[in-house]
Structures are given as structure tokens and as C-alpha cells.
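First comes the structure, then the notes that go with it.
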Protein chains: 2
Amino acid sequence: MKKLTNDHRTRVTKMLIRKAFTRLLGQKPIQSISIKELCEQAGINRGTFYRHYTDLFDLLHSIEADMLADFERAIAPLIAAPDSNVNLVKLTAGVFQCLKDNSDLCTVTLGDWGDKSFALKLINIGREKCIECYSGYFKNASPQQIEYYYAFVSSGCIGLLEKWLEEGMVTPVEEIARMAEGLMLTGVGFLQKE
Amino acid sequence: MKKLTNDHRTRVTKMLIRKAFTRLLGQKPIQSISIKELCEQAGINRGTFYRHYTDLFDLLHSIEADMLADFERAIAPLIAAPDSNVNLVKLTAGVFQCLKDNSDLCTVTLGDWGDKSFALKLINIGREKCIECYSGYFKNASPQQIEYYYAFVSSGCIGLLEKWLEEGMVTPVEEIARMAEGLMLTGVGFLQKE
DNA sequence: TTCTATATTGAACACACTGTTGATTTTCTT
DNA sequence: AAGAAAATCAACAGTGTGTTCAATATAGAA
């Protein structure tokens, strides 16, 4: 684990590792994947793995961190929009679109053997922004209530997302976003529309 | 893994194993717990572990199955209530009360290193019942919409539950149940009350 | 192109955990 | 008290781990 360069070699190695890893994660939970097995799949030497990562979880977190960065970069412009007209539908749609773009990784992290806690991290990026926004709206709601509200809707969105994935993401992004917003804003009232 | 009786010995052994297991799960994720370590903590022989369980996940699922049974037994009377006046608040409160009663296990399964997917299983017990109930209410909502609704609110409830646990379950059960219901029924409208 | 730094390889190593076995001891049931 | 069943203990081969070293191969700069 010395300092390592951005060599072409290291980039290829890391890519091979990641590909094999996501492939394996599509087949079985992380706890039944061995480093030896991963390296055989990736076609790299076991020692090379240890040069880059300490263990499989280090690798997982590294992948997640990269995805997180992608995600933040993608929704930054949406969040940076003027405060007055924060278009929630657009923001939500942007988020879901970004997730769809990374659907291979999503399937892994949100799938049967995925790292559920990571999904929360993803959603929580918008947390402070949301809370701040809502606390402006609802003067008579306590901060604690808003916290609970966010806990509820963020987890709710993950559930929505999982269902979406489960169905192969056939429903258009905009419709999912509309659903998400409807559910967040009016709860069961969402079912009464039309 | 032969047939095993309900001996006093086996009950004690299993109890020791479970206690040690939940204690360890409070300290680290399951993937970094070894069977050897668990047996040392439990003060039992390693071979004895293998007589009852094949591996740590078998043990985990066994514990979860027991908790699930407890859970079902606890909310059965609430669900069996006459269909006409299904009191959602009471049902929800009952559910959360039951979870509070098993808070030690909840902390483990919902905590940092818990098995998030299990929480979903817990919540999904009420799934069919709920869907059936709602589909009666909202004639013009498609089954798919109802599915998405349930996906959203069930995950939302888990998020609420996690936050509740995080705060040490100091908020009264009834208040959490009211929150859950409010969020499920009116979404953000919940913040506008009072 | 050649040179140098560095990444990867392959082999070997001690170590730890696994899952199983058989003989022995303890404990429960009747 | 006697037989049945469970827990213990020690030992076993098998496998993955994490590290090391010398060797080989490759990238990037002069």
C-alpha cells in the first residue's frame, strides 16, 4: 500500500478487478467471495490485489466512493439552481436518471446481495439541502419532525428505487420521479389523483 | 445436523450462542466474526456449533425466523380485527411496540452492521393485507401504483424505525406510530399539522 | 531508442479458520 | 440406575490469508 501512480497499468488492473468484482457480486454475496477467486476471475495476481486494496470491503468502498463522486457531480447543477424555484420534480428526475445511468452498479448495491447502507448515503447527499428547504417552508414544524420526515422519505425513495430495479427500470424516469414526489408530498393522496 | 431434541442442554447451548452472537454483532459486522471466536465468547465447543448451524448466516436466519414468528404472533390479533374498522394507528403502534420489545435484536438487525433486508421482511408481513385494504379504498389506482406505494412506505417505515433506534427509542411508541401514519397518509402534509 | 522507475508476476511461507471425525465425558429422560 | 443423546476434546486435511522476495514486464521520460 505504498503511494501508487496513475499508471496505465494500474488503471487496467483496477478496471479488471472491478469488472470481476461486480460480476461476482451479481452471483453471490460479498461474504462468500474470496480474494483468490476474485483474482482468478480478473486474471491478475493475488499480490497485485493487495497492492491496491486491503480487502474486499476496501474495494467495495472504493467503488462506492467513485460512484458517489459521479453522483454528486451529476446532481450538483440541479441543486445549485436558484433557491426560489427549486424544481423538486426535476431534481428527483435527475437523481433517478443518474442512478439509471449507473444501473449496473445500482443493481449490485441495491440488489439481493448489495450494500443497502450505501444507498442511504447516496440519498443523503440531498439531505441538508432538503431539510433546509423544508424548514423554510414549514415554520411550525420542529427540526426533529423534519428529521423524521427526511428519514422516512429517503428510505421510501430507496424502496421505490429497489422496486424500479426489480422491474428492470422499464417505467420511464419521469414517471418514477413524479411518483417519488407525489409520495413525498401527499403520501397516500398520490393514489387518489386522476 | 441430525435431528435434535428440545433438550435442556440444546436450549442452553443455543441461548449461549445467540447471546454471544448478538453481543459480537453489536461490535462488528458479521463478515469479520469467525465461528471460532463466537464459540470462545459463548463458552461452547466449536463442534457443538456445527451440530446446530452450518454457518453464521444459518444462525442469523434462524434468529430472524424466530423473531419473525414472534412478530407475527404479536400483530395477528391486530390484523384479524374486523375489516370494516381496521385501525391503522393501532396496528402501526402495535408493530412498533413489538419492535421495541425486541429492541436488542432490532438494534442488531437495523444497526450499522445489521441485515437490512430482514427489516423489509418484517414490514412486508403486513403487505398483502395493506394492499388489499388500499385497493378497496382507491378504486381508480392501478395495482402497480399500489405496489409502488407500498414499496415506498414500507421502506419509509424502516427509515423511521432506524432513526427511532438511533435516538434510543425515547420517543413514545404512540407518537412514532402517529408519525408513521401521518407520513404514509399525507406525506409532507404531516409537517403542516397543528 | 534506450534507460530507469515502477507495476506485475510467480513462488514460497507461516498462520488462522474451516468443517469433519472419533473417542470420551457429561447430562437428560425414564 | 441405565440407556440415550448432547457436549467436549484433540486431531486432521484443506483452503484462504497476508506477506515476502527475486524475476519479469511495461510505462514514461530523456
Distances for protein N/O vs nucleotides 10-15 of chain D N/O pairs under 3.5 angstrom?
none

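If you measure from atom CE of B:Met15 to atom C1' of D:dA6, you get 16 Å, rounded to the nearest angstrom. Taking atom CG on A:Leu56 and atom C1' on D:dG16, their separation rounds to 11 Å, with Å as the unit. Taking atom CG of residue A:Leu38 and atom P of nucleotide D:dG18, one finds them 13 Å apart after rounding to whole Å. With rounding to whole Å, A:Ile33 atom CD1 is found 14 Å from D:dG16 atom P. Distance A:Leu16 CG to D:dT26 P: 14 Å, rounded to the nearest Å. In this structure, A:Arg51 atom CZ and C:dG10 atom P are separated by 15 Å, rounded to whole Å. Atom pair A:Lys14:NZ and C:dA7:C1' shows a separation of 12 Å (rounding to whole Å applied). The nearest whole Å value for the distance from the CD atom in B:Glu40 to the P atom in D:dA7 is 18 Å.
By the side-chain hydrogen bond (donor to acceptor under 3.5 Å, both in side chains) test, A:Ser62 is found to be paired with A:Arg18, residues two or more places apart in sequence or in another chain being considered. The salt bridge (charged side-chain N to carboxylate O under 4.0 Å, His left out) test applied to A:Glu166 returns A:Lys163, not counting sequence neighbours. Evaluation of the side-chain contact (heavy atoms from CB on, under 4.5 Å) rule for A:Glu175 yields A:Thr171, A:Pro172, A:Arg178, A:Met179 as partners, not counting sequence neighbours. Qualifying side-chain hydrogen bond (donor to acceptor under 3.5 Å, both in side chains) partners for A:Asp55, counting only residues two or more places apart in sequence or in other chains: none. Residues passing the side-chain hydrogen bond (donor to acceptor under 3.5 Å, both in side chains) test with B:Gln41 are B:Arg23, sequence neighbours excluded. Residues forming a side-chain contact (heavy atoms from CB on, under 4.5 Å) with A:Glu40 (at least two apart in sequence, or on another chain): A:Lys36.
Listed pair B:Thr13 / D:dA7 meets the phosphate criterion, a side-chain N or O lying under 4.0 Å from OP1 or OP2. At D:dT8, one or more side-chain N or O atoms of B:Thr48 fall inside 4.0 Å of OP1 or OP2 (strictly under the cut-off). B:His52 has a side-chain polar atom (N or O) that falls below the 4.0 Å cut-off from OP1 or OP2 of D:dA7.
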- Message: Using a 4.0 Å heavy-atom cut-off to protein, can you give one letter per nucleotide of nucleotides 22-30 of chain C, 5' to 3': B if the base is in contact, S if only the sugar-phosphate is, - if neither?
- Response: -----BS--
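Taking the side chain as every heavy atom from C-beta outward, A:Phe152 and B:Val153 approach each other to under 4.5 Å. The closest side-chain heavy-atom distance from B:Gln144 to B:Tyr149 is not below 4.5 Å.
Listed by first and then second residue, the ring-ring contact (aromatic ring centres under 6.0 Å, His included) pairs involving residues 24-43 of chain A amount to none (not counting sequence neighbours). Applying the ring-ring contact (aromatic ring centres under 6.0 Å, His included) test to pairs two or more places apart or on separate chains, none has a residue in residues 16-40 of chain A. Screening residues 161-185 of chain B for ring-ring contact (aromatic ring centres under 6.0 Å, His included) gives B:Phe96-B:Trp164 as the qualifying pairs, with residues at least two apart or on separate chains.
For A:Ile35, whose side chain is taken as the heavy atoms from C-beta onward, the closest listed nucleotide among D:dT17, D:dA7, C:dT8 is D:dT17. For B:Tyr50, counting side-chain heavy atoms from C-beta on, the closest listed nucleotide (C:dT18, D:dA6, C:dT8) is C:dT18.
Between B:Glu37 and B:Arg46, no side-chain nitrogen of the basic residue sits less than 4.0 Å from a carboxylate oxygen of the acidic one, so the salt-bridge criterion is not met.
Between its opening and closing five pairs, the helix from C:dT1-D:dA30 to C:dT30-D:dA1 changes axis direction by 40°, a value rounded to 10 degrees.
Contacts of A:Ser34 with the nucleic acid, taken as non-hydrogen atoms under 4.0 Å apart, involve only primed sugar atoms and P, OP1 or OP2.
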